[in-house]
Amino acid sequence: MSSMDSTSNCDESSESDLNPSQEDLAFPLSEANSLFSLSKRLDELLISYESLHKAWPLQEPVRLPAPVENKLSVKDRAEVLDQRAADNEVQVVRERFSKLLLGEDMSGSGKGVSSAVAISNAITNLYATVFGNCHKLEPLPVEKKILWQREMDCLLSVCDYIVELFPSSQSLPDGTKLEVMATRPRSDISINLPALEKLDAMLLDMLDDFEKTEFWYIDENKSLLQDNAVTPLVTTPHRSVDKWWLPVPSLPNAGLSEKAIKDLRQKRDCAYQIHKAALAINCAILAEMEIPESYIQALPKSGRACVGDSIYRYMSTLDRFSPEHLIDCLKISSEHEALALANCVEAAMYVWQRKARPARSKPSWSIVKELMDASDKNFVLATRAESVLLSLRNQFPSLPQSRVDTSKIQHNKDVGQAILESYSRVLESLAHNIVSLIDDVLFTDASVKQR
């Protein structure tokens with residue numbers, strides 16, 4: 001009992017010490033004036049604070065979690081990056097084919113173009129993106145080369161599922177043979193697509209060969225030229241006045257070496273042959289496309305009304321016909337005039353073909369003309385018009401598409417023909433650009449050595 005009393009007394013004393021009353025804090029005026037009493041009182045309060053601090057329970061310091069260590073090795077990091085790149089490529093392919101299925105109509109209301117026109121536009125736009133600024137004889141940037149190969153591989157993969165049926169036989173386990181219809185790649189695709197892919201690879205390799213050259217390029221709008229450079233005039237035959245923004249080839253004062261000239265000429269010949277091959281494929285594909293009914297209905301009733309009296313009289317003479325002589329007599333000096341003549345002659349050619357072929361004949365003209373009478377006047381005029389168009393294409397390699405070709409492409413429904421036509425067209429354009437750029441360098445070299 002006495003121990004409990006003592007404990008309670010101690011608690012009361014400690015509480016009284018820890019919680020001083022207002023009377024204790026209010027010092028008498030006499031003591032406040034005494035420095036000794038003030039110092040003693042402060043010591044008592046300090047002792048009370050220390051006893052209170054010892055009575056509080058001790059708490060362990062809060063420990064922050066250790067940072068998580070990255071346990072990925074270099075190989076794991078590479079795999080993660082490769083996976084991200086693969087996911088990005090899949091997303092790009094998914095977006096590409098979604099746009100093709102929608103027919104470039106993002107609203108999804110079905111008002112888009114056909115799949116053939118959509119994939120033709122995709123190849124054309126891809127070419128403009130990759131080779132639109134290809135105005136120099138230099139290797140294609142790596143990122144653009146990868147973009148071209150990856151996107152074209154996706155677009156051309158559609159051809160893997162364009163097949164035709166042919167009769168075949170199948171043997172059963174019991175030895176019985178059955179006649180079945182098997183599938184194989186369509187004939188026009190199996191013939192032309194590998195050829196176009198080969199031409200594509202040759203053009204890219206040709207651009208890669210221009211890494212180290214004896215010439216370089218400068219901008220025409222720069223006034224400060226290098227001391228050892230000679231720049232051709234803007235009015236040179238190989239540089240069109242309306243293309244003044246193109247870079248100008250610059251050479252050393254001595255010009256190009258014989259080895260460099262020989263190499264350029266070989267590459268020019270190769271690019272020209274590629275251009276001819278791509279042009280031939282493109283013309284063959286366009287010839288197989290159906291002519292839209294809207295174009296047929298807009299044709300005049302006579303071919304003479306299409307070409308005019310003077311050209312008609314020259315084409316209808318019984319003497320030996322020369323399309324080159326006709327073009328020379330017309331004195332065509334620009335691509336605009338050549339395109340206008342091509343549209344007129346082509347319209348007249350289809351009028352004469354319709355009159356020459358038998359009624360309700362659906363086969364193409366290339367098949368029908370083998371069965372036609374060579375003395376028929378409409379057949380002769382159609383054949384001569386065809387030769388005029390071919391001569392115009394040869395004299396003006398960069399001639400834009402004619403009116404009927406544009407109409408065929410816009411109304412085409414065959415996906416395979418759309419791929420072959422657009423692929424051959426862009427390769428034809430790239431090969432022509434390379435030939436033109438090499439001609440600029442060779443002309444500049446000849447101008448330098450004549451000084």
Side-chain angles (χ1 to χ4, degrees), residues 92-93 96-97 99-101 103-104 113-134 140 144-164 184-208 270-290 364 393 397-402 404-436:
V92 170
V93 173
R96 175 75 62 185
F97 279 97
K99 292 181 179 179
L100 293 178
L101 291 175
E104 300 178 355
V113 296
S114 63
S115 300
V117 177
I119 200 168
S120 177
N121 293 339
I123 294 177
T124 304
N125 295 335
L126 177 62
Y127 171 79
T129 302
V130 177
F131 298 100
N133 295 325
C134 184
L140 192 68
K144 287 191 175 182
K145 186 176 181 179
I146 294 176
L147 174 65
W148 171 258
Q149 293 175 342
R150 182 186 64 207
E151 295 291 327
M152 284 304 300
D153 183 65
C154 294
L155 295 173
L156 297 179
S157 63
V158 180
C159 295
D160 297 337
Y161 303 94
I162 301 177
V163 296
E164 61 183 5
R184 63 186 176 188
R186 210 169 70 181
S187 58
D188 58 341
I189 295 177
S190 61
I191 294 174
N192 294 316
L193 186 58
L196 292 175
E197 291 177 337
K198 181 64 176 179
L199 298 179
D200 186 359
M202 292 173 65
L203 289 175
L204 293 180
D205 293 340
M206 187 179 300
L207 290 176
D208 292 338
C270 181
Y272 181 70
Q273 295 300 325
I274 294 175
H275 174 267
K276 290 179 61 177
L279 177 61
I281 295 176
N282 185 262
C283 292
I285 298 300
L286 286 173
E288 294 298 325
M289 287 185 180
E290 295 183 2
S364 62
R393 287 288 181 183
S398 60
L399 190 67
Q401 291 176 335
S402 62
V404 65
D405 291 342
T406 305
S407 181
K408 284 182 177 181
I409 295 173
Q410 291 177 351
H411 294 81
N412 178 43
K413 304 296 183 181
D414 193 311
V415 177
Q417 290 181 344
I419 293 176
L420 295 177
E421 189 281 326
S422 56
Y423 196 13
S424 59
R425 172 162 40 86
V426 297
L427 293 182
E428 173 192 345
S429 178
L430 178 59
H432 176 264
N433 290 341
I434 294 177
V435 171
S436 179

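Heads up: numbering here begins at 1 and tracks the sequence. Predicted model only: the values in this text are computed from it and were never measured.
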Side-chain donor/acceptor pairs under 3.5 Å, residues 156-164, sequence neighbours excluded:
| residue | atom | partner | partner atom | Å |
| --- | --- | --- | --- | --- |
| Ser157 | OG | Cys154 | O | 2.5 |
| Glu164 | OE2 | Arg184 | NE | 3.3 |

Which atom pairs, one a donor and one an acceptor, fall under 3.5 Å between side chains of residues 194-202 and the rest of the protein, sequence neighbours left out?
| residue | atom | partner | partner atom | Å |
| --- | --- | --- | --- | --- |
| Asp200 | OD1 | Trp148 | NE1 | 3.3 |
| Asp200 | OD2 | Trp148 | NE1 | 3.0 |
| Asp200 | OD2 | Tyr423 | OH | 2.8 |

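Each of Leu286, Asn282, Leu420 was compared with Arg425 under the side chain to side chain contact (heavy atoms under 4.5 Å, CB included) criterion, and only Asn282 meets it.
By the salt bridge (Lys or Arg N to Asp or Glu O under 4.0 Å) test, Arg186 pairs with Asp188, Asp414, sequence neighbours left out.
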>> Using side-chain contact (heavy atoms from CB on, under 4.5 Å), reason through Ile123 and Met152 one step at a time and then give a plain yes or no.
In response: CA-CA 7 Å; Ile123 294 177; Met152 284 304 300; 4.3 Å; yes
> Stepwise, does the side-chain contact (heavy atoms from CB on, under 4.5 Å) test hold for Phe131 with Leu140?
Replying inline: CA-CA 8 Å; Phe131 298 100; Leu140 192 68; 3.8 Å; yes
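The number of heavy atoms from other shown groups lying within 6.0 Å of CD (Gln149) is above 12.
For the pair Leu207/Lys145, no side-chain contact is recorded, criterion being any heavy-atom separation below 4.5 Å from C-beta on.
In terms of heavy atoms, Ile274 sits closest to Leu203 at CD1-CD2, 3.8 Å. Looking at every heavy atom in both residues, Gln410 comes nearest to Val117 through O-CG2, 3.4 Å. For the pair Ser187 and Ser190, the tightest heavy-atom approach, listed with the atom from each and the gap, is O-OG, 3.0 Å. Annotation for Ala116 and Ala418: closest pair O-CB, 3.3 Å, computed over non-hydrogen atoms. Residue Arg393 comes nearest to Ser402 through the heavy atom pair NH2-N, 4.0 Å, listed as atom of the first residue, atom of the second, then distance. Closest heavy-atom contact between Met206 and Cys270: CE-SG, 3.6 Å.
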